Amino acid sequence: MDFVKMHGLGNDFIIVEVPTWESVDKLQSEARWMCDRNFGIGADGLVMIGKDPELDVFMRIFNSDGTEPEMCGNAIRCIAKYAYENELTDKRIMAVRTLAGVRNPELIMENGSVSAVRVDMGEPILERSLIPMSGDGSNVNIPIHIEDQQFNITAVSVGNSHCVIFVDDINQVLVDKWGPQLEVNPLFPAKTNVEFVQVISENELIMRVWERGAGITLACGTGSCATLVASILNGYTKRAATIHLLGGDLFIEWENDQHVYMTGPATEVFKGTL
């Protein structure tokens, strides 16, 4: 099996071409050891890509624990660059099938090479039952308690669920302690990704993430999109902001057509044969 190792701001993936959407399933049992950083290739996720019979390409992903998320913002930037450079499509604006629906990445070119990818991530989902989040009422600034700590959460889905928490000092947050507990909180029947966010200004945020099924990662594209939406709902920022992550920066926009757009890099690390 040939593969390519790629990353989006340090959120890294094993990219494998497969013939059909259904043929992905047989690789799920292999994802954990392939992603293992000591006994495998090492990655946050295993991503399968192929030509789609109706759209341009399809993408499915398994986390490092073997679970399958609906979407991954950093991964879709990587597969868009991969698809173009490996001639799966010649389009610079492509339609990608995912479990969360169709997403549309646009390649940003510089001197004939892909310098960044801007992705139309669709409209955010704010209805509790669809995020999914249990209970009725608002999804914004909801207090919950874990041990002796109160968190005020804002829940958003951009194809996968996110729990966004605003904090005064990002460096004081114990992401590895609170992240796994919030991930499996009963409020989220399908579990959730968890973002801790410090507001710097009306167009600048710092984010740290605990990803559902992967733990702490250096970046999260869908989490950055959810973070901007949550910051607007809470009145902290304007409709576009730079999100500072451990692996670098993403630029996120929530435009008046209600679609969220994410712009950031995608980098090839190496090729190999397994």
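None of these values were measured; they are calculated from a predicted model. Computed over heavy atoms, backbone and side chain alike; hydrogens, waters and symmetry mates excluded.
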Distance check, rounded to the nearest 0.5 Å: His244 atom NE2 versus Asp249 atom CG? 5.0 Å
Please tell me whether Glu195 and Thr227 have a donor and an acceptor in their side chains that are separated by less than 3.5 angstrom. no
Distance-only, no hydrogens or angles: does the Asp65 side chain make a donor-acceptor pair with backbone N or O of Thr67 under 3.5 Å? yes
Going through the distances and angles, do Asp120 and Glu106 end up as a side-chain contact (heavy atoms from CB on, under 4.5 Å)? CA-CA 8 Å; Asp120 180 350; Glu106 176 183 358; over 6 Å; no
Answer yes or no: are there more than 12 heavy-atom neighbours, outside Lys5 itself, under 6.0 Å from its atom NZ? yes
Can you name the closest pair of heavy atoms from Ile61 and Ala75 and give their distance? CD1-CB, 4.2 Å
When Ile, Leu, Val, Met, Phe, Trp and Tyr are grouped by side-chain heavy atoms lying under 4.5 Å apart, directly or through other members, which residues fall in the same group as Leu99? Met1, Phe3, Ile14, Val16, Val18, Trp21, Val24, Leu27, Trp33, Met34, Ile41, Leu46, Met48, Phe58, Phe62, Val269, Phe270, Leu274
Measuring from Leu187:CG to Ile153:CD1, what's the distance to the nearest 0.5 Å? 5.5 Å
Close side-chain approach of Leu182 to Phe196, heavy-atom, < 4.5 Å: yes
Ala219 and Gly8 have their tightest heavy-atom pair at CB-O, 3.9 Å
Is there side-chain contact between Leu245 and Ser224, with heavy atoms separated by less than 4.5 Å? yes
Testing Glu268, Glu17, Arg77 for side-chain hydrogen bond (donor to acceptor under 3.5 Å, both in side chains) with Tyr82, which one passes? Glu17
Heavy-atom distance under 4.5 Å between the side chains of Asn234 and Val199, does that happen here? no
With rounding to the nearest 0.5 angstrom, report the CG to CD1 distance, Asp2 to Ile15. 13.5 Å
For the student: nearest non-hydrogen atoms of Arg37 and Asp12, plus distance: NH2-OD1, 2.8 Å
Donor-acceptor contact present, side-chain Asn139 to main-chain Glu127, <3.5 Å: no
The residue among Glu54, Arg60, Arg103, Met59 that forms side chain to side chain contact (heavy atoms under 4.5 Å, CB included) with Arg97 is Glu54
Taking all heavy atoms of Ala80 and all of Met94, pick out the closest pair and write down the distance. O-CE, 3.5 Å
Give the C-alpha distance, both sets of side-chain angles, the deciding distance and a yes or no for side-chain contact (heavy atoms from CB on, under 4.5 Å) between Asn74 and Phe13. CA-CA 9 Å; Asn74 288 318; Phe13 308 99; 3.9 Å; yes
Do Leu130 and Ser157 make a side-chain contact, defined as non-hydrogen atoms from C-beta onward lying under 4.5 Å apart? no
Side-chain contact test, heavy atoms from C-beta onward, threshold under 4.5 Å: evaluate it for Val229 versus Leu126 and give yes or no. yes
In this structure, are over 12 heavy atoms from other groups packed under 6.0 Å from Ile93 atom CD1? no
Phe166 reachable from Phe151 in the ILVMFWY side-chain graph, under 4.5 Å edges: no
Does the distance from a Lys or Arg side-chain N to an Asp or Glu carboxylate O, for Glu183 and Arg212, drop under 4.0 Å? no
Test item: Leu218 and Leu9 side chains (from C-beta on) under 4.5 Å apart, heavy atoms: no
Value for CG (Leu205) from CD1 (Ile243), rounded to nearest 0.5 Å, stands at 4.5 Å
Between Thr222 and Asn193, do the side chains contain an N or O donor and an N or O acceptor separated by less than 3.5 Å? no
I'd like to know if the side chain of Asn11 reaches the main chain of Cys220, judged simply by a donor and an acceptor atom lying under 3.5 Å from each other, with no hydrogens or angles considered. no
Any chain of hydrophobic side-chain contacts (each under 4.5 Å) joining Val164 to Trp178? no
Under 3.5 Å, side chain of Gln198 to main-chain N/O of Ile170, donor-acceptor pair present? yes
Closest non-hydrogen contact found for Leu228 with Ile252 is CD2-O, 3.3 Å
Quick one about Ser113 and Asn111 (side-chain donor to acceptor, distance below 3.5 Å, no hydrogens or angles considered), yes or no? no
Step by step, would you call Asn185 with Thr192 a side-chain contact (heavy atoms from CB on, under 4.5 Å)? CA-CA 8 Å; Asn185 189 277; Thr192 189; over 6 Å; no
Out of curiosity, His162 NE2 to Thr154 OG1, how far, rounded to the nearest 0.5 Å? 13.5 Å
Quick one: pull up CZ in Arg128 and OG in Ser161 and give me the separation to the nearest 0.5 Å. 13.0 Å
Would you please test Trp254 and Leu233 for side-chain contact (heavy atoms from CB on, under 4.5 Å) and show each step? CA-CA 11 Å; Trp254 190 16; Leu233 293 176; 4.2 Å; yes
Hphob cluster co-occupancy, Val156 + Tyr236, side-chain heavy atoms under 4.5 angstrom: yes
Is it the case that over 12 heavy atoms from other parts of the model lie below 6.0 angstrom from the CZ atom of Arg239? yes
Determine, using the 4.5 Å side-chain heavy-atom cutoff (strictly less than), whether Met133 and Val197 are members of one ILVMFWY cluster. no
Within the supplied structure, the quantity of interest is the number of heavy atoms (other residues, nucleotides, ligands) at a distance under 6.0 Å from Asp136 CG; does it exceed 12? no
Is atom CD of Glu87 surrounded by more than 12 heavy atoms (other residues, nucleotides or ligands) closer than 6.0 Å? no
Heavy-atom side-chain contact between Glu147 and Lys177 under 4.5 Å: yes
If I compare all heavy atoms of Ala240 with all of Phe251, which pair ends up nearest, and what's the gap? CB-CZ, 3.8 Å
Pair Arg118 + Glu255: basic N to acidic O under 4.0 Å: yes
Under a single-linkage definition using a 4.5 Å side-chain heavy-atom cutoff for Ile, Leu, Val, Met, Phe, Trp and Tyr, are Ile165 and Phe188 assigned to the same hydrophobic cluster? yes
Tell me, do Ile76 and Met71 make a side-chain contact under 4.5 Å, heavy atoms counted? yes
